[in-house]
Amino acid sequence: MEMTLRWYGPGYDSVSLKQIKQIPGVKSVITTLMGKQAGEVWTEAEIAELKRVVEEEGLTIAGIESVNISDDIKIGTEKREQHIANYIETLENLGKAGIHMVCYNFMPVFDWTRSDLARVRPDGSTVLAYNQDVVDKIDPAHMKESVEKMSNGFVMPGWEPERLSRLEALFEAYKDIDDEKLFNNLVYFLESIGEVCEKYDIKMGIHPDDPAWPIFGLPRIVRDKDRIVKLLKAVDKPYNGITLCTGSLGSNPANDICDIIKAAKGRIPFAHVRNLKYNSDRDFEEAAHLSSDGSMDMHAIMKALYETGFDGVIRPDHGRMIWDEVAMPGYGLYDRALGAVYLQGLWEAIDKESGKN
Ligand code: DNO
């Protein structure tokens with residue numbers, strides 16, 4: 001298990017590498033080239049520069065989150081082949097740079113979705129939250145202004161201004177895409193990148209849909225145990241893995257996270273571990289990582305990872321905004337640092353009690 005923190009790269013993050021390095025047990029980051037559009041090639045020089053910046057601070061790159069997949073690949077337009085060729089070139093350049101884990105998602109149009117980016121909790125902290133009744137009233141084609149207002153002025157991955165300004169056209173492009181077509185396009189993509197992943201031992205970790213059910217009438221294909229097992233079997237190779245995101249899968253209380261961990265044993269190169277609190281079947285809010293602050297049993301989750309031999313990269317996930325920090329919603333320093341240390345504490349206890357060490 002390698003504990004890391006997500007870092008958005010020079011110019012995009014309020015948290016510095018120097019601060020990250022001072023979190024006990026964190027020696028690496030998960031990062032990205034934020035300015036890149038999905039479909040573009042990441043050049044060797046750009047990757048080398050990113051590495052240089054991270055390594056200059058005494059940290060390493062544990063993996064990339066994300067190399068985004070273009071909507072053309074998801075929809076299967078005529079631009080798909082070129083975008084896949086570019087993706088392969090990017091993987092080749094990452095592999096040459098010694099980077100072996102890539103997180104991505106296959107959610108149409110939006111990445112993760114929330115209805116509230118700063119809901120106040122009883123302790124005065126603010127968190128990301130989701131309410132289905134609010135989402136049902138949103139006209140997705142006109143989200144740009146409200147997202148800009150809610151995001152503290154930060155650009156959030158999945159909600160980039162560029163994407164938000166062409167929402168109407170994107171919805172139109174997806175109108176004939178159902179779960180089956182989207183799934184087939186995902187399998188096509190995974191098969192196309194197999195050779196380069198195997199050559200450089202790159203593990204791909206698909207991020208689950210968040211929330212884990214269809215929204216805005218768009219298809220959703222990575223949202224429960226059966227669908228995950230189906231995907232792992234469809235391309236039954238070690239490079240085809242998942243990012244086990246407890247908060248995304250856990251948004252649906254019907255998902256048994258420990259059971260999913262067991263079902264995906266050996267195919268989890270990356271884990272996002274966080275807690276959330278269910279208020280009703282239509283409303284949840286994110287919580288501190290600590291089990292008692294939310295609805296999930298974090299000890300059981302870490303134990304299931306431990307017992308299935310998880311040896312991948314792990315990171316705390318969205319944190320609460322605490323201690324007057326101003327940062328990208330979910331991605332401040334303080335609460336994620338608390339999460340990183342708490343998760344390592346659980347892991348140490350589980351490890352010592354296992355009698356193995
Ligand atoms: C949200 C993140 C996601 C994730 C992507 C992976 O906070 O977990 O944006 O990075 O879905 O491609």
Side-chain angles (χ1 to χ4, degrees), residues 4-9 12-13 15 29-34 36-39 42 62-71 73-74 87 90-91 94 101-118 127-130 147 150-152 154-160 163-164 182 186 189-190 193 202-212 215 218 220-223 228 231 240-251 268-276 284-287 289 312-321 327-332 335-336 339:
T4 65
L5 215 76
R6 186 177 196 180
W7 182 66
Y8 282 101
Y12 286 96
D13 209 315
V15 180
V29 289
I30 291 290
T31 187
T32 189
L33 290 177
M34 266 292 267
K36 282 281 175 193
Q37 301 301 320
W42 295 24
I64 300 296
E65 179 179 356
S66 313
V67 181
N68 282 320
I69 315 278
S70 70
D71 286 293
I73 294 178
K74 294 174 190 168
Y87 206 100
T90 297
L91 290 176
L94 289 170
M101 197 286 294
V102 172
C103 171
Y104 70 105
N105 72 78
F106 224 72
M107 287 176 250
V109 188
F110 298 105
D111 188 336
W112 53 286
T113 299
R114 293 289 177 274
S115 57
D116 193 343
L117 300 181
V127 293
L128 304 169
Y130 185 92
V147 170
M150 293 194 297
S151 60
N152 286 342
F154 287 91
V155 172
M156 298 188 295
W159 301 34
E160 300 87 356
R163 190 184 317 217
L164 292 173
L182 190 65
L186 172 55
F189 165 74
L190 282 168
I193 62 167
I202 295 174
K203 300 281 191 300
M204 300 295 297
I206 192 165
H207 190 281
D209 305 330
D210 188 348
I215 52 165
L218 296 162
R220 292 287 227 193
I221 54 174
V222 192
R223 55 186 165 110
I228 286 173
L231 176 62
N240 173 27
I242 63 161
T243 294
L244 190 275
C245 179
T246 63
S248 303
L249 288 166
S251 59
I268 306 180
F270 191 23
H272 292 175
V273 182
R274 72 175 152 88
N275 197 358
L276 49 78
F284 65 81
E285 62 198 37
E286 299 185 354
H289 286 72
V313 179
I314 187 168
R315 68 167 181 79
D317 205 356
H318 305 165
R320 301 164 303 148
M321 218 44 77
M328 186 190 304
Y331 286 99
D335 203 42
R336 288 190 302 148

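Residues: numbered from 1 along the sequence shown. Numbering of ligands and ligand atoms starts at 1, following listing order. Computed from a prediction, not measured in an experiment: that's the story for all the values here.
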Any Arg315 heavy atom less than 4.0 Å to ligand 1: yes
Identify the protein heavy atom lying closest to [atom], giving its residue, its atom name and the separation to 0.1 Å.
atom: atom 6 (C) of ligand 1; answer: Ser66 OG, 3.1 Å
atom: atom 10 (O) of ligand 1; answer: Glu65 OE2, 2.5 Å
atom: atom 8 (O) of ligand 1; answer: His207 NE2, 3.2 Å
atom: atom 5 (C) of ligand 1; answer: Asp111 OD2, 3.3 Å

Pairwise distance CD1(Ile242) to CD1(Ile206) - rounded to 0.5 angstrom: 9.5 Å
Straight-line distance of Met156 CE to Leu117 CG, nearest 0.5 Å: 4.5 Å
Under-4.0 Å salt bridge between Asp317 and Arg6: no
Salt bridge present between Asp209 and Arg223 (N-O < 4.0 angstrom): no
Side-chain donor/acceptor of Asp210 to backbone N/O of Trp112, under 3.5 Å: no
Side chain to side chain contact (heavy atoms under 4.5 Å, CB included) partner of Met101, the single match among Ile30, Leu94, Ile202: Ile30
Proximity to ligand 1 by part of Trp112, non-hydrogen separation under 4.0 Å: side chain
Region of Arg6 that comes within reach of ligand 1 [heavy atoms, distance under 4.0 Å]: side chain
